Structure formats: structure tokens, C-alpha cells
Amino acid sequence: MSSLSETERAAARPPRAVVGSQISMDEEMFGAVFDGGVIRRFLSYVRPYRRSIILALIAVLVFTGAQLSIPLIIRYAIDEAIVSDRADTFRLTIAIAVFGVVITINYAANYLQDRLVGLAGEHVIFDLRRAMFAHLQHVALSFMDKTEIGRMMSRLQGDVNSLQEFLENSITAFGDIVLLFGIVIIMLMLDFKLGLLTLSVVPTLLIVRVIWLPRARVAFRRARETNSITNGALAEGIHAVRTVQGMGRENVNFQLYDDKARENMLAHLRSAKFAQAMIPVVDTLTGAAMGIVIIVGGTQVLDSTLDIGVMVAFLFYVQRFFDPIRSLTIQYSVMQRAMASGQRIFEVLEVPLAISDKPDSIDPAVIDGDIAFNDVTFGYTKNQPILKGVNFEVKRGETVALVGPTGSGKTSITALLHRFYDVWDGAVTIDGHDVRDFAKASLGRHIAMVLQDPFLFTGTIFENICYRTASATREDVERAAKVVGAHDFIMQLPDGYETVLEQQGRNLSLGQRQLLSFARALVADAKILVLDEATANIDSYTERQIQTALSRLLKDRTGIVIAHRLATIRGADRIVVLQQGSIVETGTHDALIAQKGLYARLYALNYASFDDIPDDMLQEALSGPAQT
Amino acid sequence: MQNTAYQDRKSAADQKPTADTAVLLRIIKLALRYRVRVAFAVGATIAAAIFQLMIPPLLGSAVDNALGLLSGGGVVAEDARSALVRAALLLLGASVLRGVFTLLHNYNGEAIGHLLAYDLRLAFYGKLQNLSFSFHDRVHTGELITRGMLDLDGVRMFVNTGLLRLVLLTILIGFGAYLLISTDIWLGLLSLSFVPFVAWRSSIARLRLRTLWLTLQERMANLGQIMDENLTGIRVVRAFGAEPYEIEKYDAASEEAMAVAEERIKTRVSSTTVMSYAYFMSMGLVLWVGGLRVLDGTMTVGTLTVFLTFITILQAPVRQLGLLVNSIARASTCGSRLFDILDLEPTIDDRADAKPVELTEGKVRFDDVSFTYAGEGVLPVLHGVSFEVQRGKTLGIVGPPGSGKSTIAHLLPRYYDPSGGRISIDGQDIRDITLESLRQTVRVVQQDPFLFTASLENNIAYGDPWADDGMIQDAASAAQIDGFVGLLPDGYGTLVGERGVSLSGGQRQRVAIARATMLRSAVLIFDDSTAAIDAETEQRIRESLKPHMANCASIIISHRLGALRHADEIVFLEGGRIVERGTHDTLLAENGRYAALFALQNRDGDTDMALQGVAE
Ligand SMILES: Nc1ncnc2c1ncn2[C@@H]1O[C@H](COP(=O)(O)OP(=O)(O)OP(=O)(O)O)[C@@H](O)[C@H]1O
Ligand SMILES: Nc1ncnc2c1ncn2[C@@H]1O[C@H](COP(=O)(O)OP(=O)(O)OP(=O)(O)O)[C@@H](O)[C@H]1O
Ligand SMILES: [Mg+2]
Ligand SMILES: [Mg+2]
């Protein structure tokens with residue numbers, strides 16, 4: 001270990017930052033330009049609830065009307081039923097009854113509005129989230145490869161929530177705007193000149209906003225960005241906690257996280273300053289408007305050119321006039337946030353489904369299982385082909401092994417068979433049909449895969465082995481588990497097949513997870529079985545048992561087997577040897593051994609202990625072409 | 001399953017209403033770290049309330065002035081005008097001050113919230129980074145992320161929308177009540193008749209909302225988990241054509257969450273609107289009773305008008321009560337979920353007198369070690385395992401899946417503590433060594449390595465963020481990944497997709513090997529870390545690591561026996577017990593399980609014979 005202490009080194013050079021630092025890349029992935037269609041697209045999700053929304057809007061109008069009329073009724077009650085000469089209990093009772101009716105209407109409208117909007121908002125939000133989730137199910141894998149899950153989750157959760165906030169707010173905002181216009185009209189009708197004079201403060205507000213807006217927008221955006229950066233770092237810290245502890249990175253990471261969290265805090269303080277800055281402005285203008293009414297109106301009253309009642313009404317309305325402006329100001333940041341969120345959500349929904357079914361896609365009930373790769377060229381990034389003119393065939397009932405150094409493209413071949421990606425050139429066919437002509441669901445049904453990384457879901461072992469094969473019975477599951485030799489260890493678990501697996505099955509050993517993922521593929525009972533290093537983490541003895549049981553299963557199925565431990569593939573009908581994306585040898589085990597090529601070399605290294613390998617062969621092996 | 005979880009929570013929420021206040025008090029205590037700011041914020045809140053209360057009387061007096069001047073008749077116009085200007089200026093001043101203090105109130109409220117959130121974020125992150133593996137085994141990452149994001153927000157917002165609003169509303173309502181009661185006690189009480197009702201409703205609503213929030217958070221977490229796993233396991237989903245099944249699963253969870261979300265809205269709406277209704281009803285009562293009394297002549301119109309003006313002061317605060325209740329309910333729920341985590345202590349931590357390790361021979365020793373993972377009905381994983389390996393020597397471990405090999409690799413760096421026996425390095429019990437120095441001494445290449453969404457270089461240098469490029473390249477070439485990196489356009493700067501999706505299985509493993517071996521530790525464990533690497537590359541790796549291995553004690557777990565051929569000792573683990581041990585040669589001579597395994601992998605081995613040999 002270095003003699004310098006961590007702090008000394010920190011002073012000399014900042015640490016290599018690996019704490020949630022890839023955010024910007026994700027932003028670049030989507031077109032960053034705002035197309036203005038957010039609201040339009042959002043409305044299409046609101047449309048199913050338009051009856052609720054229309055009802056709610058009516059309720060808002062009624063509610064606003066009731067709000068505005070309550071003071072009038074009180075005034076009437078006092079003027080007419082209590083003070084005037086005609087005052088009597090009867091009139092008072094009538095007035096009170098009217099008041100009672102109005103507040104009941106007020107209550108009902110308020111209730112209706114809040115409830116309808118709240119529920120519709122909730123529904124829209126759930127619909128949107130579902131639409132995104134469903135969309136992601138069909139988005140090209142090449143897109144998903146580049147997307148950070150944490151970032152996607154923040155779109156699925158955070159952004160969706162801020163849209164909901166917006167929806168709830170926009171109804172109140174609507175009420176506010178209705179109120180605003182109502183008041184302007186009433187004021188102008190009461191006294192046009194005084195009305196205009198009072199409203200003369202409004203342009204000031206507009207000017208202030210013009211100055212304020214661009215700065216505020218920057219501050220708000222910064223706050224949001226730092227939010228996602230901080231949350232991304234948190235998510236990474238949680239996902240990677242084992243590595244962090246194993247590598248002793250706790251302190252460094254804490255420092256890095258601290259920087260991000262502090263930046264986030266400062267950005268929020270700044271944006272809070274901007275958000276609040278409008279309040280005194282609005283209040284000052286309210287004061288100024290009231291001052292104008294008092295001075296100008298008061299003078300007119302003194303000159304007897306204005307009714308005192310009108311002046312009182314003006315004062316009342318001025319106060320109410322600025323309330324909506326105030327709340328609209330406060331809601332500005334909500335709207336900003338909602339716009340940005342909406343943009344991010346619709347970006348996800350607009351990711352093209354690069355791999356989608358053709359209109360006339362085929363979905364045969366049964367297939368024979370003949371596979372052919374015809375001159376397939378493929379790569380993940382432009383100009384970097386991974387597979388170069390790959391040609392091979394697997395006939396029905398055959399088992400073909402793919403062998404080759406690490407990174408030679410074996411897994412990529414299986415990915416193409418299942419059309420996780422589309423080939424650049426050439427074609428992959430099943431039963432003579434291009435895989436691009438199959439419906440995706442059809443491929444899923446006819447090809448069962450054991451992936452190189454055994455991924456398990458949270459849930460019981462039983463659920464995991466069945467997975468999407470809903471028709472699988474307990475017997476099917478147990479049979480599959482027995483074939484892969486998992487039954488015994490499953491029965492030793494506290495709840496047997498009902499034992500709940502923790503996230504990604506981490507309460508099992510890796511080999512055990514691999515066995516379950518293997519069993520899952522067997523239960524799917526497909527014509528084509530792809531085993532990508534399905535027994536890499538399993539000892540040869542257990543593996544041998546699996547092979548014995550499996551050979552019966554594979555008899556009438558087409559198999560593709562990938563393995564580095566060559567004993568695994570001894571039973572294959574044919575072996576295809578790959579190197580750097582090209583097929584270098586094909587043949588049976590014996591033929592390939594006789595050929596003394598790459599396979600023979602790998603085989604020698606594989607089975608023999610070092611000492612058994614002739615020196616020249618070892619030398620050759622160790623100085624052979626660089627592996628990728 | 002989710003339902004029972006919900007029930008558990010629900011009963012928990014019902015049982016301890018006091019814990020609720022305890023949580024809120026704790027949040028307040030945390031906020032009090034910023035004492036000065038809190039005092040300032042409360043002061044500003046009070047001032048804002050006062051100026052807000054000043055405006056209606058000022059308006060009233062302005063109107064009275066105008067009226068009085070009008071009826072007084074004989075006053076000089078100049079005086080009248082100056083009185084008006086004075087009133088207008090006062091009003092302007094009060095408005096400006098109200099605005100300024102509202103700004104200070106809101107800004108400081110938000111600021112304290114963000115400062116508090118910053119503290120909590122750090123505490124939460126720090127805690128999670130230090131909580132032991134056994135904790136992380138049990139809790140879903142999605143759950144933790146939800147707590148760190150949504151629950152933390154709930155707590156943050158409490159300062160402004162809960163605490164300060166409570167102060168504001170208390171002052172406004174209290175002052176309004178004082179004015180009303182001091183003007184006329186009976187009518188005052190009448191006009192406040194809605195208060196007990198509102199208090200009652202809001203406390204019911206608060207409890208109900210709290211439960212709903214808890215349930216909702218849980219169901220949303222569940223939904224989040226489904227989405228997260230779907231995206232993480234996307235290849236499995238695609239491979240099985242399971243998209244419809246996944247959507248079905250999602251829909252079920254979504255509907256469950258939806259039901260609670262709807263319930264929450266209904267509860268909130270019915271409680272807030274009915275509060276306003278109650279308020280207006282008491283206003284109506286005042287109007288009625290007051291009106292009757294005016295008609296009787298026992299009260300003046302003036303008093304009634306004053307009364308009605310004062311009541312309107314209460315309108316906005318009453319409307320805001322609903323928000324207050326919601327905020328409090330949310331904060332107490334979120335707070336308790338957050339504090340649940342913050343209060344945990346890592347089960348594995350430094351002893352009080354822990355010292356850094358002192359290395360002499362670099363000898364690792366397991367003495368009769370037994371281990372059981374936490375959980376009910378879980379069987380022991382290791383039974384009395386003993387072995388020794390010292391600097392320059394290699395121990396090989398073989399065994400069927402689940403035999404406990406990785407568990408051994410996890411016990412040595414104290415990811416878990418053994419339930420029996422003793423593990424030591426150069427005679428020092430590892431529990432007496434500081435964790436930091438222990439983990440610097442023991443490096444593990446995990447069986448299932450985690451790669452970061454970062455450049456290759458940052459991934460390799462993860463254990464030593466100050467490593468220079470030379471160290472990284474050396475490590476990469478030792479792990480035989482340099483050839484691959486050389487072909488990449490961006491070389492070491494190439495971004496590795498999330499969890500290494502853009503790498504092949506063997507490339508991932510080699511990055512993990514480079515990452516661990518770069519650190520030159522005294523003990524190195526390879527947990528099946530060449531399973532996805534071809535034999536040829538593996539040989540090269542072994543060749544290039546030879547100098548390093550001569551300087552450390554290494555433990556190699558492998559299924560490929562060629563890799564263990566030269567180990568100084570090989571143990572065969574089965575069911576957590578060492579059933580065979582020796583060197584390659586002695587084990588072969590023993591003709592037991594190891595020998596059978598070897599035969600299976602040996603090119604000349606008659607596999608079926610070997611199989612029978614073991615079965616017998
Ligand atoms: N999703 C991806 N995006 C970009 N590049 C990829 C992706 N998956 C694989 N690659 C690259 O393609 C090449 C072939 O990878 P592939 O996984 O097919 O190899 P493999 O033969 O299965 O190797 P291994 O035996 O190590 O599993 C590698 O160089 C790898 O880095
Ligand atoms: N975090 C955990 N919680 C509970 N049980 C666990 C946990 N990790 C492993 N186990 C159990 O402990 C036993 C030993 O697991 P371990 O990972 O040590 O096996 P292994 O020998 O490494 O197997 P493999 O060869 O498959 O990697 C297994 O039965 C497994 O189910
Ligand atoms: Mg692969
Ligand atoms: Mg293991």
C-alpha cells in the first residue's frame with residue numbers, strides 16, 4: 001500500500017469519481033429539444049377522463065361563483081335584513097337560508113372539484129406510468145443497454161409524480177384565472193376609471209417577471225439536475241454496497257456524495273430564493289393598488305363623485321385580485337417542473353420500437369427447430385463489427401456447441417437468434433423463415449434460454465421456475481428441478497419451493513441460482529434450447545448428472561450450448577469454434593482434435609494439468625493471438 | 001404477500017400513536033440544529049402573521065376615515081386628504097412588510113428543510129454504506145432508494161408546510177379567536193363553534209391519512225420493485241417472451257397501489273372540504289344570531305360587522321388546515337420509515353480496542369469455523385471448517401453448488417461474522433482488527449462482480465481512486481484485459497454500460513480481477529472468478545499473476561481443476577464440511593470425490609465409470 005495517507009493524496013489530486021457520474025450521458029440520449037407537444041400529448045392521456053374534468057371545471061365555476069357571492073349575501077343580509085327599515089326576522093331567516101344554500105353549494109362544488117380532479121389526476125398518472133412501462137417492454141435492447149435503470153426509474157416515479165402535482169394544481173390555477181377575470185370585469189364595470197387605475201400596477205408585475213423569469217428558470221433547472229445527480233449517486237451506493245465495502249471505498253464515496261448533496265442543497269436554496277422573490281413584489285403591488293384605491297377613490301368619495309360602497313367593494317376585490325396572482329406565482333415552479341417532467345416522460349414514450357413485429361408476422365403453433373445463420377454481420381456500435389460473416393446451421397434435434405475465447409461473440413450469436421438485436425447484414429433463420437418475420441411472442445415461446453447471468457426475481461422459488469409458464473404445475477416444476485439437480489437443495493430450504501428469494505436470489509449461492517435459471521428454461525418447454533454457460537458455476541459432477549438427465553430432453557429439441565469447460569460440450573453433435581467474431585473451425589470433437597487448431601489447443605489446456613501439456617504446445621498457447 | 005405486509009404495518013400504526021409524535025419531535029430536534037435560522041424563521045412567521053392581521057383593520061379604518069370625514073362634513077379637505085394619504089401609506093407599508101416577512105418565513109422554512117435534508121441524506125447514505133451485508137441481503141434496493149428519496153422529501157417539507165405553517169395558523173386562528181371572544185364572549189364562542197369539530201375531524205383524518213400514507217408508500221415501493229426488476233432482468237423478460245406476463249404483474253401491483261391512492265384522495269378531500277363547510281356554517285350562525293340580536297336591539301350593527309370581518313381572517317387559515325394535517329401525517333410516516341434505517345447499527349463493526357493488523361508471516365487460519373446465515377429455519381452452512389494458508393501458498397477449494405465456498409470467502413473479510421470458531425490472520429483474531437485494515441489486507445474477486453456505469457479505468461481503479469495510469473495498465477495487462485481495451489476506440493475511457501452489460505461475461509470477470517489485484521493485498525481470494533474465461537486466457541492470467549501470488553496468501557475457488565493443480569492444499573467442501581483434503585496428487589491417490597471430479601474433466605477419463613465410482 002502507498003505510504004501516503006488518503007487525505008494527503010486527496011489534497012494532491014481528486015479521486016477518480018465513480019459516484020453516479022454518468023447522468024449527462026443519459027440526457028444526451030434523448031433529443032433535448034422541447035417540441036412544445038408536451039401539453040398536447042398530456043391531454044391525450046387526460047381525454048379518457050374528460051367527463052370528470054369537465055364536471056370538475058363546472059364545479060370550479062360554481063365554486064368560484066359561490067365564493068364571490070358569499071360576501072354579497074352577507075352584505076345583503078346586513079343592509080336589507082338587519083339595518084334597513086324593512087328589516088325583520090323573516091327577511092333575516094330568508095337571508096340565512098340563502099346563505100345556507102350557497103355554502104352548501106360551495107361545499108358540494110368544492111368537494112366535487114377536489115375529488116374529481118384528485119381522482120382523475122391519480123388515474124392519469126397511473127395510466128402514464130403504465131404506458132411507459134409497457135412501452136419499455138418493447139423498446140430495443142440496444143437502447144436499454146445504454147440507459148441507466150436508476151434514471152429510468154426516476155422518470156417512472158419522480159417525473160410522473162410531478163405531473164400529478166401539476167394536474168392537481170392546474171385546476172386550482174384554472175379557478176384562480178376565472179376569479180381573476182371575474183374580478184377585472186367587475187372592477188371595470190363598477191368604475192371604469194378607478195378600475196383602470198388600479199390595474200395600472202399590473203404591467204409592473206409583468207416587467208418584474210420578465211427580468212425574473214430567465215434567472216429563475218436557470219436556478220430551477222439546476223436544482224432539478226442536482227436532484228437527479230444526488231439520487232443517482234444514492235442509488236448507485238445502494239446497488240454497489242458490497243463492492244464499496246469490499247474495496248473500502250466508504251470514506252471516499254462519502255466525500256464524493258457529500259459534494260453532490262451539498263451542491264444539491266445550495267442549488268435548492270438558490271431556487272427557493274427565486275421562488276420566494278416574487279412574494280414581496282406581489283405584496284407591494286397589492287399595497288400600492290390598495291393605496292391607489294384609498295387615495296384616488298377616497299378623494300372621489302370626498303368629492304362625492306364615488307359611492308362609498310363602491311370603494312369598499314374595490315378594496316375587497318383588490319385583495320382578492322392579488323390572491324390568484326400570488327398562487328399562480330407560487331405555482332410557477334410546479335408548472336416548470338411539470339413541463340420538464342412531461343418532456344422526459346414523453347421522450348421515453350417516443351423512443352422508437354426499433355424491433356417491432358411486422359404486420360404480417362408469423363406465429364406458428366409448432367416449429368421444427370432448424371436454425372441457420374447466413375453470413376451474419378453484426379456489432380453493437382457503428383463500424384465495430386463483433387460478428388463477421390458468421391455461417392452455420394443447426395438441424396432439428398441437433399445440439400451444436402459454440403466454443404471460443406472470451407469475447408469472441410458467442411453470447412452475441414444467441415442474442416441474435418432471439419432477435420434481441422437486429423443483424424447488420426445477412427440473416428438468421430428458423431425453419432427457413434427470417435427471425436424478423438416471426439412475431440416476438442412467438443420467438444419467446446419457441447426458444448428457451450439459460451442466460452450467462454442467472455437473473456432471478458424477488459418471489460418464491462416456485463414462481464421463479466414457472467416464471468411466465470402459467471400452466472406449469474407443481475409436478476412440472478419439480479421435474480425440471482430434479483433434472484438440474486436443484487430439487488434436493490430446494491427441499492432443504494425452510495419453506496421448500498415456497499421459500500422467498502431475496503432480490504436477484506442473493507440468499508442462494510451463484511451455482512444454485514444458475515440451477516434455478518436452468519430449471520426455468522426447462523419448464524418453458526420450448527423446441528429450441530440455448531444454454532449460455534449454463535453450468536459454468538457448477539462442478540463437473542453435478543454438471544454430468546444434469547447432462548445425463550438432459551440428453552433425453554434434448555433428443556427431439558434443437559440445442560445450442562456454450563461453454564468454456566469443454567467437458568460440458570463433449571456430447572454435442574458438432575462444435576463451432578469462434579475467434580474474434582469469425583468461425584475458424586467446425587466439426588466433431590474428434591475431427592477438430594485431429595485438425596490441431598484452436599480447439600485442440602483449448603482442449604489440451606482445458607483437460608490436462610500443466611505438466612501434461614507438451615512444452616511447445618504450451619508456448620504456442622501462451623504466445624498465441626491476443627484474445628479480446 | 002403484500003397484503004399481509006400491509007396489515008402488519010397497519011396494526012403497527014394503530015398500536016403506537018405516541019411513536020407518531022415522537023417522530024415529529026425528532027424531526028423538530030433535527031431542525032433545531034439550525035437554531036438561529038429556526039428562531040429567525042419563526043420570528044418572520046410571527047411578523048408575517050401580524051402584518052397580515054394588520055391589513056384588514058387598516059382598511060377598515062381607512063374606510064371609516066372616508067366615511068367619518070364625509071359625515072363629519074365640516075372638516076377641511078386638506079386634512080381629509082392627508083388622512084387618506086396616511087392610511088394609504090400605512091397600508092402600503094404593511095403590505096410591503098407582510099411580503100418581506102412572508103418571503104423570510106418561506107425562504108427560511110425551505111432553507112431549513114433543505115439543510116435538514118442535506119444532513120439526513122448524508123446520514124442515510126453513510127448508514128447504508130456501513131450497514132452489514134446481512135442487512136442488505138434482506139432489504140430490497142428499491143425499498144431503500146424510495147426511503148432515501150420520497151420519505152426524505154416528506155420529512156424535508158415538514159419544516160415549511162408543517163411546522164412553520166402550524167405556527168402561522170396558530171397565531172392567525174388564535175389571534176382571530178382572541179379578537180372574537182374579547183368583542184363578545186357568546187357570539188365569539190359561537191363563531192368559534194367550528195373549531196372543536198375541525199380539531200376532531202383533523203385528528204381523525206391525520207390518523208387515517210397516516211395509515212394510508214404508510215400503505216401507499218409500501219405499495220408504491222412494491223410497484224417500484226416490479227419495475228426495477230423488470231428493467232434489470234430485461235434480458236430474461238425478453239428471452240421468455242414474458243412481456244405480457246410482466247405487464248400483468250405490473251397491473252396487479254398498480255391496481256393495489258391505485259386503490260390506496262384513491263382512498264387517500266377521498267379521505268383528504270372529504271376532510272378538507274368539510275372543514276371549510278363547518279367554518280361557513282358557524283359564520284352563518286353568527287350572522288343569524290347576531291342579526292337577531294341587532295333586531296332585538298341588544299347589539300349594534302357595527303359590532304356585528306366587526307365580528308364578520310374578524311371571522312373572515314380565519315377563512316384562509318382554516319382552508320390551510322387540511323394541508324397542515326396532510327403534511328404532518330406524511331412527515332410522521334416518512335420520518336418513521338427513515339429513522340427505522342438510521343437507527344440500525346451495523347452488526348459488524350470495529351471493537352472498541354480494535355487495532356490495525358500486524359502482518360508477519362501473512363498466515364490466514366480458520367479454526368473450527370461454523371456459520372449460519374440469518375433467517376428462520378435456515379440450516380447451518382459451515383460446520384467446523386479449519387485450514388491454514390500463508391504467504392506464497394495457495395489453498396484451493398472445490399465443491400458442489402451451495403457447499404459454502406463463497407461463504408468462506410465472505411467470512412475472511414468479515415462480511416459476516418462466524419457463529420462459531422475463530423478466524424485469524426497471523427494469530428490476530430479478525431474481530432480484533434479494524435475493519436479498514438482487515439479489508440485492505442484481504443481482497444476478494446467476487447463470484448458475481450458489480451461493475452459501475454463508468455469508464456473502464458474508473459472501474460479498475462475503484463479500490464484505489466488515486467491510482468495512476470501505470471498501475472491501472474499493469475493490473476489490466478495482468479488480468480489479460482489490456483488486449484481488448486487496446487481495440488476500443490476510447491481505450492480505458494470507454495464507458496461500461498450499467499453493471500457491465502456492454503462487456504462479455506469473461507471481460508467482466510477480468511475487469512474484476514484487475515480491480516482486486518491492482519491493490520496488492522496480503523490475502524487474495526478468487527471466488528470462481530474465471531468461470532467465464534477460456535482455459536487459455538486463464539493460463540495467461542495465472543502466469544502473469546505469479547509474482548504477485550508469491551507475495552500473498554491466496555485462496556482459489558474453482559470448478560476447473562486445472563486451475564488448482566498447483567495449489568499447496570486443496571479442500572473438497574460438501575454440505576459445509578471439508579470431506580477431503582490434500583494436494584492434487586494425494587487426493588488423486590485417495591481415489592475419492594476429488595479424483596472422480598478430476599476424471600470427469602480429464603480428457604482420458606471414462607466419465608461413466610467415474611460417475612459410478614462416486615455413486616457407490
Ligand atoms: N450490449 C453490448 N453493447 C456493446 N458491446 C457489447 C455488448 N455485449 C457484448 N459486447 C461486446 O461484444 C463482444 C462479444 O461479446 P459476447 O458477449 O458475445 O462474447 P462471448 O463470446 O459471449 O464472451 P464470454 O465467453 O466472455 O461470455 C465483446 O467484445 C463485448 O465487449
Ligand atoms: N445471503 C444468504 N442468505 C441466506 N443463505 C445464503 C446466503 N448466501 C448463501 N446462502 C446459502 O448458503 C449456502 C452456501 O452458499 P455459498 O454461496 O457459500 O455456496 P458456494 O459453495 O459458493 O456455491 P456456488 O458454487 O454455487 O457458488 C447455500 O445453501 C446458500 O443457499
Ligand atoms: Mg458470453
Ligand atoms: Mg459461490
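Quantities reported herein were computed from a predicted structural model and do not represent experimental measurements. Letters go in sequence order (proteins before strands), and every chain restarts at 1.
Put simply, the residue from B:R510, B:Q507, B:Q480 that forms a side chain to side chain donor-acceptor pair (under 3.5 Å) with A:T406 is B:R510.
Put simply, CG on B:L287 and CD1 on A:I96 are 4.0 Å apart, with the number rounded to the nearest 0.5 Å. The distance from atom NZ of A:K440 to atom CD of A:Q137, rounded to the nearest 0.5 Å, is 10.0 Å. Note that CG of A:N231 is 9.0 Å distant from CD1 of B:I145, once rounded to the nearest 0.5 Å. Note: A:K273 NZ to B:N106 CG = 15.0 Å, rounded to the nearest 0.5 Å. Here the CD1-CD distance, from B:I533 to B:Q539, works out to 12.0 Å after rounding to the nearest 0.5 Å.
When heavy atoms are compared at a cutoff of 4.5 Å, A:L451 approaches chain B solely by way of its side chain, counted from C-beta outward. In this structure, chain B has heavy atoms under 4.5 Å from both the backbone and the side chain of A:H239. If you measure heavy-atom distances from A:A272 to chain B, the contacts under 4.5 Å come from both the backbone and the side chain. Only the side chain of A:D453 comes within contact range of chain B, judged by heavy atoms closer than 4.5 Å. Residue contact with chain A, scored on non-hydrogen atoms closer than 4.5 Å, is absent for B:P413. For B:E538, no part sits under 4.5 Å from any heavy atom of chain A, backbone or side chain. For a residue to count as touching a neighbouring chain, one of its non-hydrogen atoms must lie under 4.5 Å from one of that chain's; by this rule B:V96 touches chain A with backbone and side chain alike. Heavy-atom distances place the side chain of A:Q384, and not its backbone, under 4.5 Å from chain B. Looking at B:L379, only its side chain comes within 4.5 Å of chain A, counting heavy atoms on both sides. Interface remark: A:I292 contributes no atoms to any contact with chain B (heavy atom separation under 4.5 Å). Heavy-atom distances place both the backbone and the side chain of B:Q129 under 4.5 Å from chain A. When heavy atoms are compared at a cutoff of 4.5 Å, A:Q452 approaches chain B solely by way of its side chain, counted from C-beta outward. No part of B:V398 comes within reach of chain A, as not one of its non-hydrogen atoms sits under 4.5 angstrom from that chain. Both the backbone and the side chain of A:T284 come within contact range of chain B, each with at least one heavy atom under 4.5 Å from a heavy atom of that chain. Proximity to chain B is limited to the side chain of A:L515, based on heavy atoms less than 4.5 angstrom apart. Proximity to chain A (any heavy atom under 4.5 Å) is shown, for B:F240, by both the backbone and the side chain. Interface remark: B:N130 contributes backbone and side-chain atoms alike to the contact with chain A (heavy atom separation under 4.5 Å). Interface residue B:A532: backbone and side-chain heavy atoms are both found under 4.5 Å from chain A. Contacts of B:T141 with chain A are made by both backbone and side-chain atoms, with heavy-atom separations under 4.5 Å. For B:A257, the parts lying under 4.5 angstrom from a heavy atom of chain A are both the backbone and the side chain. Contact of B:T232 with chain A is made through backbone and side chain together, with heavy-atom distances under 4.5 Å. For A:F99, the part lying under 4.5 angstrom from a heavy atom of chain B is the side chain only. Within the 4.5 angstrom heavy-atom criterion, no atom of B:L503 approaches chain A.
Among A:I447, A:T230, A:T104, A:N106, the residue making the largest number of heavy-atom pairs under 4.5 Å with chain B is A:T104. Of the listed residues (A:P280, A:S517, A:G287), the greatest number of heavy-atom pairs within a distance under 4.5 Å of chain B belongs to A:P280. Comparing B:S276, B:P449, B:P489 by heavy-atom pairs within less than 4.5 Å of chain A, the highest count is held by B:P489. Ranking B:L91, B:L115, B:D137, B:T102 against chain A, the residue ahead of the rest is B:D137, based on heavy-atom pairs under 4.5 Å. Counting heavy-atom pairs closer than 4.5 Å to chain B, the top-ranked of the candidates A:G237, A:A134, A:G246, A:G100 is A:G246. Listed options A:T411, A:I538, A:I295 were ranked by heavy-atom pairs under 4.5 angstrom with chain B; first place goes to A:I538. When each of A:R506, A:M449, A:E533 is scored by its heavy-atom pairs under 4.5 Å with chain B, the top score falls to A:R506. With chain A as the partner, the residue from B:V444, B:I55, B:L292 showing the most heavy-atom pairs under 4.5 Å is B:L292. Options B:G284, B:G142, B:G93, B:A117 differ in how many heavy-atom pairs under 4.5 Å they form with chain A, and the most are formed by B:G284. The candidate from B:A88, B:S406, B:P401 with the greatest count of non-hydrogen atom pairs under 4.5 Å with chain A is B:P401. Ranked by heavy-atom pairs under 4.5 Å with chain A, the first of B:G399, B:A111, B:P400 is B:P400. Between chain B and the residues A:N507, A:T286, A:D258, the most heavy-atom pairs under 4.5 angstrom are made by A:D258.
Using a 3.5 Å distance cut-off with no hydrogens or angles, the side chains of A:Y467 and B:E246 do pair a donor with an acceptor. Counting only N and O atoms by type, the side chains of A:T542 and A:D539 include a donor and acceptor under 3.5 Å apart. For the residue pair A:T458/B:E229, the side-chain donor-acceptor check at 3.5 Å is satisfied.
In this structure a side-chain-to-backbone donor-acceptor pair under 3.5 Å is missing from A:Q503 to B:Q225. Not a single donor-acceptor pair under 3.5 Å links the side chain of B:H114 to the backbone N or O of A:M265.
For B:R515, there are no salt bridge (Lys or Arg N to Asp or Glu O under 4.0 Å) partners, not counting sequence neighbours.
Ring geometry, A:F133 versus B:Y250: the interplanar angle falls under 30°, so the pair is classed parallel (tilted spans 30 to 60°). Using cut-offs of 30° and 60° on the angle between ring planes, the pair A:Y107 and A:Y111 is tilted. Using a 30° and 60° split on the angle between ring planes, A:F455 and A:F457 fall in the perpendicular class, above 60°.
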Salt bridge (Lys or Arg N to Asp or Glu O under 4.0 Å) between B:R235 and A:D145, intermediate numbers included:
CA-CA 10 Å; B:R235 281 185 158 66; A:D145 283 351; 3.3 Å; yes

Begin with the C-alpha distance, continue with both residues' side-chain angles, and end with the deciding distance and a verdict on side-chain hydrogen bond (donor to acceptor under 3.5 Å, both in side chains) for B:H140 and A:E502.
CA-CA 7 Å; B:H140 199 278; A:E502 299 295 351; over 6 Å; no

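Remark: B:R121 fails to qualify as a cation-pi partner of A:Y257 under the 6.0 Å distance and 45° angle criteria applied to the six-membered ring. Judged by the 6.0 Å and 45° rule, A:R242 forms a cation-pi pair with B:F133.
A salt bridge does not link B:D528 to B:K405: none of the charged nitrogens lies less than 4.0 Å from a carboxylate oxygen.
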